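Structure first, then comments.
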Amino acid sequence: MLWPRQAYIGVSAPAGTSIIDTPLSKPDQFFSALHAAFADGSLVRIALRAYVGDHEALKTVDIKPVIIKRQNQLSFTWHYKTRDVVKNHDLDESMETLRGIVGIEFNLAQLFTTAGDWSLDFQGKSPKLKQSAATQTAPVSLAHDRAKARAIPAGKPWLRDLGVTDAEGKVIPSAQDKFRQINRYVEILGPLLKAIRPDRLKRVVDMGAGKGYLTFAVADYLAQTLQSGAQVVGVEMRPDMVRLCNEIAGKVGLAQLSFAQGSIADYDSAGASVLIALHACDTATDDAIAKGIAAYAELIVVAPCCHKQIRREIEAAAASTPLDYLLRHGIFVERQAEMVTDGIRALLLEAHGYSTKVFEFISDQHTPKNVMIVGERTGRGRNAAALDKVAAAKAFLGIRRHYLETALGLE
């Protein structure tokens, strides 16, 4: 895309370009200044604020220049309530995206360059454009592939022993997704653990620990970052996994971490401050939630896997509802079962005095099992209104029972 010479105003223009008066509108002046700053390397960052769009979870967007594969691009970080999404675009794609949201979804756009700062404000009767002295005059680094600060660095010995990194502490290519998942998990869990009073953070139980990747991660974070003496127990059915994980825990010096052989349904969770169950299949997730509620756990965190029980209920009921046009398709029945199952789980947690959040905790390109339910104990007692909502949802879809109701003794 070619930009007119008269567009470059108020900032340093590329070599050979004159700075002259312009009839451009205020938004066009802002975008011209952005284009000029990108062209001459003076761009520091762009901030989009005052969101008024339809996506409830989207908050702000921050944009910075980067070099990717020797190409100058703009890196967009979309800040949602529970996650960040990063997308990189070339200049033309970036300008097209910005023109489609500035003044439409975001009422405030701020441009920061080493030559000066710009502010485009749509919050009044007409757009206002202001220019001020630069808040940053030093050139910015365009490095994109610099080492990221990780909650769990790749050099941890247990990552090597679990097959995530090699002998030199580098992440094995086939384990990249697992490494991202481990760190994303700790990024989410860290603030939740910090919010628990230290005298109430005594014991963390990870139900269905598997090979223990995430169990090791939470134990390491508690011991090294929070300096907490909380005990961490990973519960796993397979004796060989339990034996392997206990050997590694002893080898790397995580004295507060241990693994126990057994099922979720049979394990005694009494005294658990935190109850975790990631990717427990079908009703095993419900057993884990019930164990956490029974233990009066301060925090319950589950990432469900499979939703067979409620799907069978919906299919067996074949209830006549306004959703018939959806539920005659198998793929929609599957998705509906997932949402209904997890929605009722959240309601039943709320019915027992927990505040809840349900969100995507990692991109589905890394794992399809990416929905997380978080319950934090409020101390406000039971919520009868939540049970009424459960009853209404069941009646609407012809569901006789949700397994979690049985696990909680509500039937």
Side-chain angles (χ1 to χ4, degrees), residues 57 66 68-69 73 75-80 82-88 143-193 206-221 224-225 232 234 236 238 240-241 244-245 248-249 252 254 257 259 276-282 284-285 288 301-307 334-335 338 342 357-374:
V66 294
I68 300 175
K69 296 180 179 179
Q73 296 192 13
S75 179
F76 287 62
T77 300
W78 301 78
H79 299 289
Y80 293 85
T82 58
R83 62 193 174 102
D84 290 343
V85 175
V86 178
K87 295 183 178 180
N88 304 312
H144 178 70
D145 298 325
R146 61 185 180 276
K148 296 181 179 179
R150 299 282 190 182
I152 301 295
K156 296 288 184 179
W158 55 267
L159 286 172
R160 177 197 61 221
D161 292 336
L162 290 173
V164 178
T165 60
D166 59 21
E168 297 178 352
K170 296 180 180 179
V171 180
I172 296 169
S174 60
Q176 289 286 348
D177 284 351
K178 178 61 66 177
F179 183 64
R180 292 189 189 97
Q181 185 182 5
I182 289 169
N183 274 280
R184 180 59 181 151
Y185 169 68
V186 175
E187 288 171 6
I188 292 171
L189 200 60
L192 297 171
L193 293 172
D206 185 1
M207 298 289 202
K211 197 174 180 180
Y213 299 107
L214 304 182
T215 323
F216 274 89
V218 70
D220 189 293
Y221 182 81
Q224 303 299 325
T225 303
V232 179
E236 169 58 37
R238 293 168 291 180
D240 56 332
M241 289 291 99
L244 171 67
C245 291
I248 294 174
V252 301
L254 286 173
L257 173 62
F259 290 79
I276 299 167
L278 303 186
H279 305 157
C281 190
D282 198 20
T285 293
V301 179
V302 298
C305 173
C306 310
H307 300 75
E334 180 180 352
R335 292 176 181 175
E338 291 176 3
D342 292 338
K357 297 176 183 176
V358 182
F359 55 92
E360 179 184 272
F361 81 100
I362 195 167
S363 170
D364 58 9
Q365 71 179 353
H366 303 308
T367 174
K369 309 167 188 176
N370 64 343
V371 172
M372 180 170 280
I373 304 172
V374 172

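Everything numeric here is computed off the predicted structure, so don't read it as measured data.
Checked options T82, L278, L189; the residue passing with M372 is L278 (criterion: side-chain contact (heavy atoms from CB on, under 4.5 Å)).
Residues satisfying the salt bridge (charged side-chain N to carboxylate O under 4.0 Å, His left out) test with K170, not counting sequence neighbours, are E168. Every residue two or more places apart in sequence or in another chain was checked for a side-chain hydrogen bond (donor to acceptor under 3.5 Å, both in side chains) with D282, and none qualifies. In this view, F359 satisfies the ring pair (Phe, Tyr, Trp, His ring centres under 6.0 Å) rule with no residue, not counting sequence neighbours. For R335, the side-chain hydrogen bond (donor to acceptor under 3.5 Å, both in side chains) test picks out no residue, with sequence neighbours left out. Shown here are the salt bridge (charged side-chain N to carboxylate O under 4.0 Å, His left out) partners of R83, two or more places apart in sequence or in another chain: E360. For T285, there are no side-chain hydrogen bond (donor to acceptor under 3.5 Å, both in side chains) partners at least two apart in sequence or on another chain. The side chain to side chain contact (heavy atoms under 4.5 Å, CB included) test applied to D161 returns I248, K251, V252, not counting sequence neighbours. In this view, D84 and H79 satisfy the side-chain hydrogen bond (donor to acceptor under 3.5 Å, both in side chains) rule, not counting sequence neighbours. With sequence neighbours excluded, no residue satisfies ring pair (Phe, Tyr, Trp, His ring centres under 6.0 Å) with Y185.
Minimum interatomic distance between N183 and A151 (heavy atoms only, all atoms of both residues): OD1-N, 3.1 Å. Across G169 and T165, no two heavy atoms sit closer than the pair C-CB, 4.0 Å.
Distance check, rounded to the nearest 0.5 Å: CG of L159 to CD1 of I172 gives 10.0 Å. If you take CD on E187 and CD1 on I152, they are separated by 10.0 Å, rounding to the nearest 0.5 Å. Rounded to the nearest 0.5 angstrom, D166 CG and R160 CZ are separated by 10.0 Å. For the atom pair K357 NZ and I188 CD1, the distance stands at 10.5 Å (nearest 0.5 Å).
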Decide yes or no on side chain to side chain contact (heavy atoms under 4.5 Å, CB included) for V186 and R150, but give the supporting numbers first.
-> CA-CA 9 Å; V186 175; R150 299 282 190 182; over 6 Å; no

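Using a distance-only test at 3.5 Å, with no hydrogens or angles considered, a donor-acceptor pair links the side chain of E236 to the main chain of G210.
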For residues 211-221, tabulate all N or O donor-acceptor pairs below 3.5 Å that involve a side-chain atom, not counting sequence neighbours.
| residue | atom | partner | partner atom | Å |
| --- | --- | --- | --- | --- |
| K211 | NZ | L162 | O | 3.2 |
| T215 | OG1 | D206 | OD2 | 2.6 |
| D220 | OD1 | K156 | NZ | 3.1 |
| D220 | OD2 | K156 | NZ | 3.4 |
| D220 | OD2 | W158 | NE1 | 2.9 |

